[in-house]
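The first residue of the sequence shown is numbered 1, and numbering continues consecutively from there. Both counts, for ligands and for their atoms, begin at 1 and track the order of listing.
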Amino acid sequence: MTDHEPTVLELGLPAPVRSDGLPARVRIHEVGPRDGLQNESVALPVEVKAEFIARLAGAGLRTIEATSFVHPKWVPQLADAEELFPRLAGLPGEYPGLRLPVLVPNERGLDRALALGATDIAVFASATQTFAQRNLNRSVAESLEMFAPVVRRATEAGVAVRGYLSMCFGDPWEGPVPTDQVVAVGQALLEQGCTELSLGDTIGTGTPGQVEALLAAFAGAGIGPELLAVHFHDTYGQALANTLTALRCGVSVVDASAGGLGGCPYAKSATGNLATEDLLWMLQGLGIETGVDLAALAATSQWLAGRLGRPSPSRAVRALVGSG
Ligand code: HMG
Ligand code: MG
């Protein structure tokens, strides 16, 4: 007899049971260091951010959005991008296949990212005029004009470009967002040369029927799920249900943030992203491969919660390792 009480993971929970119509493998696009930390009131020291990203890579994540090359006054929490990014230079050698995308809004941001050797960037558009204005200081059309040379130059330099599209379901100023409006901006980003389009539910108001309808509308415009990723914020507890719906529609790239960190400083009603651990619990239970070690990730989120001075909002983190 031993006093050791096995953890749920040691006991083989969640027991994997496959369900038809789901992908065999999901690539998690981890956004904690960018989407998560951009919205924390505490700006973490650069060495803590670097350790966070190294620990995420150590847990098996292979796409980790590291930071943003936006205007430092707009997002002061990520103003240390020039200091942080070089500290990550050794990680891709240590973890083969690791990608470290960064957010870039304009040519100035691209110059900064290229100067540091970034190999993956993301531009970020809005499906609504109000959010485009608030987040980028431009209309939707003007922001697309701003992205065009960024996508062109990045592609010429061999840098992969993801396009984000915010406010795909609801907008805190405009209400429900018409599907054709979302598809039109998404299509424009792909036509510019983005190789992946991430559909953002920035304020988390979307529900599964809406997800299905939007993905069907994209399919109707000739944009299949192989080009799409989903990016759900969990404000109303819908992120996991919405993700499962997207997986059933053929999407296999899912954005999530370790510990459920996150939000958007220019949309106050946005809260954290879908927690990566909550997502992993579901994917593991469905027998879907991710390559990520849930125990190591939950320990990382608990460690970060200690640095941030607040418990992780992730249900799985709390259940697995306490509230931090
Ligand atoms: P602006 O004020 O219109 O900029 O801001 P500008 O082009 O007029 O330039 C003004 C000055 O800023 C110039 O300097 C530029 O050089 C400088 P000056 O000549 O006056 O000395 N500047 C820069 N400096 C450093 N880096 C730059 C840069 N750009 C200009 N990149 C801008 C326009 C786009 C820059 C601004 O609106 C901005 O930075 N916005 C970023 C907002 C942001 O990061 N939001 C959060 C990310 S989006 C998100 O979270 C949603 C997502 O998760 C998906 C979802 O959930 O839906 C992705
Ligand atoms: Mg977001």
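- The parts of S166 lying near ligand 1 are both backbone and side chain, judged by heavy-atom distances below 4.0 Å.
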Q: Would you please test D255 and S198 for side chain to side chain donor-acceptor pair (under 3.5 Å) and show each step?
A: CA-CA 8 Å; D255 299 4; S198 174; 2.9 Å; yes

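- At least one donor-acceptor pair closer than 3.5 Å links the side chain of R112 to the backbone N or O of V70.
- Looking at H71, R134, R138, R112 and measuring to atom 39 (O) of ligand 1, the nearest heavy atom belongs to H71.
- Contacts of S301 classified as side-chain contact (heavy atoms from CB on, under 4.5 Å), with partners at least two apart in sequence or in another chain: A258, E277, V317.
- Of all the heavy atoms of R34, the ones lying under 4.0 Å from any atom of ligand 1 belong exclusively to the side chain.
- In terms of polar-atom proximity, defined here as any N/O pair under 3.5 Å, D201 makes no such contact with ligand 1.
- Those atoms of ligand 1 that come under 4.0 Å of a heavy atom in L103, given as number and element, are 47 (C).
- Of the candidates N137, T202, N135, the one placing a heavy atom closest to atom 45 (N) of ligand 1 is N135.
- Heavy atoms of V75 found under 4.0 angstrom from ligand 1 belong exclusively to the side chain.
- Between R248 and E212 there is no salt bridge, since none of the side-chain N atoms of the basic residue sits less than 4.0 Å from a carboxylate O of the acidic one.
- For residue D255, no N/O/S atom approaches the Mg ion (ligand 2) to within less than 2.8 Å.
- Between the side chains of Q133 and S139, not a single donor N or O lies within less than 3.5 Å of an accepting N or O.
- Sorting the N, O or S atoms of D35 by how far they are from the Mg ion (ligand 2) puts OD2 first.
- Close approach of ligand 1 to H233 is summarised as follows: ligand atoms under 4.0 Å from at least one heavy atom of the residue are 56 (O).
- Considering backbone and side-chain N/O atoms, Y164 never comes within less than 3.5 Å of an N/O atom of ligand 1.
- Remark: among candidates R108, K73, Q77, the nearest residue to atom 28 (C) of ligand 1 is R108, based on non-hydrogen atoms.
- Using a 4.0 Å cut-off between a side-chain N of Lys or Arg and a carboxylate O of Asp or Glu, E196 and R27 qualify as a salt bridge.
- Listed by number with element, the atoms of ligand 1 under 4.0 angstrom from any heavy atom of G109 are 31 (N).
- With a 4.0 Å cut-off on non-hydrogen atoms, N273 does not touch ligand 1 at all.
- For R315, the CZ atom counts as loosely surrounded, since its 6.0 Å shell holds 12 or fewer non-hydrogen atoms of other residues, nucleotides or ligands.
- Among residues at least two apart or in separate chains, side-chain hydrogen bond (donor to acceptor under 3.5 Å, both in side chains) pairs with a member in residues 122-132 are S126-T128, T128-D171, T130-E174.
- Close contacts between ligand 1 and D35 involve ligand atoms 50 (O), 53 (O) [criterion: under 4.0 Å to a heavy atom].
- Residue L165 has no N or O atom closer than 3.5 Å to an N or O atom of ligand 1.
- We find that R162 and D120 are not joined by a salt bridge, their nearest charged nitrogen and carboxylate oxygen being 4.0 Å or further apart.
- Near F69, meaning under 4.0 Å from one of its heavy atoms, ligand 1 places the atoms 27 (C), 31 (N).
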Q: List the steps, then state whether side chain to side chain donor-acceptor pair (under 3.5 Å) holds for D201 with H231.
A: CA-CA 6 Å; D201 186 6; H231 180 104; over 6 Å; no

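- Using cut-offs of 30° and 60° on the angle between ring planes, the pair F69 and F85 is perpendicular.
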